[in-house]
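Just so you know, these numbers come straight off a predicted model, no measurement behind them.
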Amino acid sequence: ELVKSGVRVVVEPSKSRIFRDEEYAEVGAEVSQDLSPCDLILGVKQPDKSRLIADRTYMFFSHVIKGQVANKQLLDRVLD
């Protein structure tokens with residue numbers, strides 16, 4: 001629906017999703033490792049903090065409240 005309404009959708013390739021890369025491509029999404037053109041990046045898992053792109057908006061699920069050290073560092077990095 002997003003692609004049909006004119007929204008550019010870029011999907012990072014993955015072999016561990018329920019939907020294959022080809023299925024995303026078939027409905028008009030771009031499959032690319034390069035997310036740098038994207039203003040909004042959505043994810044089910046938190047990204048590795050070394051892969052964060054400056055000046056982008058991120059929305060992902062993370063367990064920062066549980067006191068996990070790695071996730072607190074990621075939260076700090078995103079909030080900077």
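- Among all heavy-atom pairs drawn from S32 and V10, the shortest one is CB-CG1, 4.0 Å.
- We find the CG-OH distance between L42 and Y58 to be 11.0 Å, quoted to the nearest 0.5 Å.
- Ionic pairing of E12 and R51 is present here: one or more N-O contacts between side-chain nitrogen and carboxylate oxygen are shorter than 4.0 angstrom.
- When hydrophobic clusters are built by joining Ile, Leu, Val, Met, Phe, Trp and Tyr residues whose side-chain heavy atoms come closer than 4.5 Å, directly or via intermediates, V7 is grouped together with V11.
- For the atom pair CD1 of I41 and CD1 of I53, the computed distance is 4.0 Å after rounding to the nearest 0.5 Å.
- The shortest distance between side-chain heavy atoms of L52 and R56 does not fall below 4.5 Å.
- Here D39 pairs with nothing under the side chain to side chain contact (heavy atoms under 4.5 Å, CB included) rule; sequence neighbours left out.
- Remark: D34 engages S36 in a side chain to side chain donor-acceptor pair (under 3.5 Å) (not counting sequence neighbours).
- Atom CG of D21 is separated from atom CD of E26 by 11.0 Å, given to the nearest 0.5 angstrom.
- Cluster annotation: I18 is not connected to V27 through the hydrophobic network of ILVMFWY side chains, with a link wherever side-chain heavy atoms come within less than 4.5 Å.
- Legend: residues meeting salt bridge (Lys or Arg N to Asp or Glu O under 4.0 Å) with E22, ordered by chain and number and at least two apart, are R20.
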